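The model shown is predicted, which means the values in this text are computed figures rather than measured ones. These values consider heavy atoms only, across backbone and side chains, with no hydrogens, waters or symmetry-generated copies.
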Amino acid sequence: MRRLAAGRGTIVLLGLLGVLGLTGCGAVEVAVPPLATSAPCPSMGWPQQVAGHDRVDVTPDSPASAAWGDPAIIARCGVPAPPPTTLECLGVDDVDWVVEQLSDGQRFTTYGRDPALQVLVPNAYSPEPLVLGAFTPAARTLPATGRQCR
């Protein structure tokens, strides 16, 4: 089990993203995001590959969650949109992302999109922001709120 620090103490990765581990079948368990049924999450067009890795199965099987590689890069559509923040924010392909440094990777959440898309990238894929381009088409389908990084 990996532990991640989020600045205010240690958070167990498994609890942070609802990832519960691997099942006997090899599927990554991912908690379904609270807004997973919000448009367009049920019809999210996930990439087939991220960072050269094919998609792996997630459980429960939800179109709002996907994973790639081992350790898994995990994406979830339907997380609450982040409020204005002082956290680092970066733009990739005209999509803004709030960056949260964790002890074993980074968590990226779209900024200015509601619902939001969240991507967890383990340190094994360093530099972590380079994987975000794979999520540009999916992120652009999320309704824009007008908020931007600046």
- prompt: Going through the distances and angles, do Leu120 and Leu102 end up as a side chain to side chain contact (heavy atoms under 4.5 Å, CB included)?
  reply: CA-CA 9 Å; Leu120 177 70; Leu102 307 170; 3.4 Å; yes
- request: Show your reasoning for whether side chain to side chain contact (heavy atoms under 4.5 Å, CB included) applies to Asp57 and Val28.
  value: CA-CA 6 Å; Asp57 292 334; Val28 178; over 6 Å; no
Just by modelled atom types, is the [Y] backbone N or O under 3.5 Å from a matching donor or acceptor in the [X] side chain?
X      : Y      : value
Arg147 : Pro83  : no
Asn123 : Gly105 : yes
Tyr125 : Pro71  : yes
Asp96  : Cys149 : yes
Ser126 : Glu128 : no
Trp46  : Pro63  : yes

Closest heavy-atom pair and its distance - [X], [Y]:
X      : Y      : result
Ala72  : Pro122 : O-CG, 3.4 Å
Met44  : Ala138 : SD-CB, 3.2 Å
Phe135 : Ala75  : CE2-CB, 3.7 Å
Ala134 : Val50  : CB-CG2, 4.0 Å
Pro143 : Ala39  : CD-O, 4.1 Å
Ala66  : Arg55  : CB-NH2, 3.8 Å

Is it true that [X] and [Y] fall in one hydrophobic cluster, defined by side-chain heavy atoms closer than 4.5 Å?
X     : Y      : result
Leu35 : Leu142 : no
Ile74 : Leu130 : no
Trp97 : Tyr111 : no
Leu87 : Leu117 : no
Val99 : Val119 : yes

query: Is there a side-chain contact between Val56 and Asp70 (heavy atoms, below 4.5 Å)?
result: no
- prompt: Under a 4.5 Å cut-off applied to non-hydrogen side-chain atoms, are Val79 and Pro115 in contact?
  reply: no
message: I need the Thr145 OG1 to Arg113 CZ distance, nearest 0.5 Å.
response: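 It is 8.5 Å, given to the nearest 0.5 Å.
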- line: Result for side chain to side chain donor-acceptor pair (under 3.5 Å) between Gln106 and one of Gln101, Glu100, Glu88 points to Gln101
query: Stepwise, does the side chain to side chain contact (heavy atoms under 4.5 Å, CB included) test hold for Asp93 with Arg140?
result: CA-CA 10 Å; Asp93 298 329; Arg140 286 183 177 161; 3.9 Å; yes
task: Could you check Ser62, Ser65, Cys41 and say which one makes a side chain to side chain contact (heavy atoms under 4.5 Å, CB included) with Arg76?
output: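 Answer to the side chain to side chain contact (heavy atoms under 4.5 Å, CB included) test with Arg76 among Ser62, Ser65, Cys41: Ser65.
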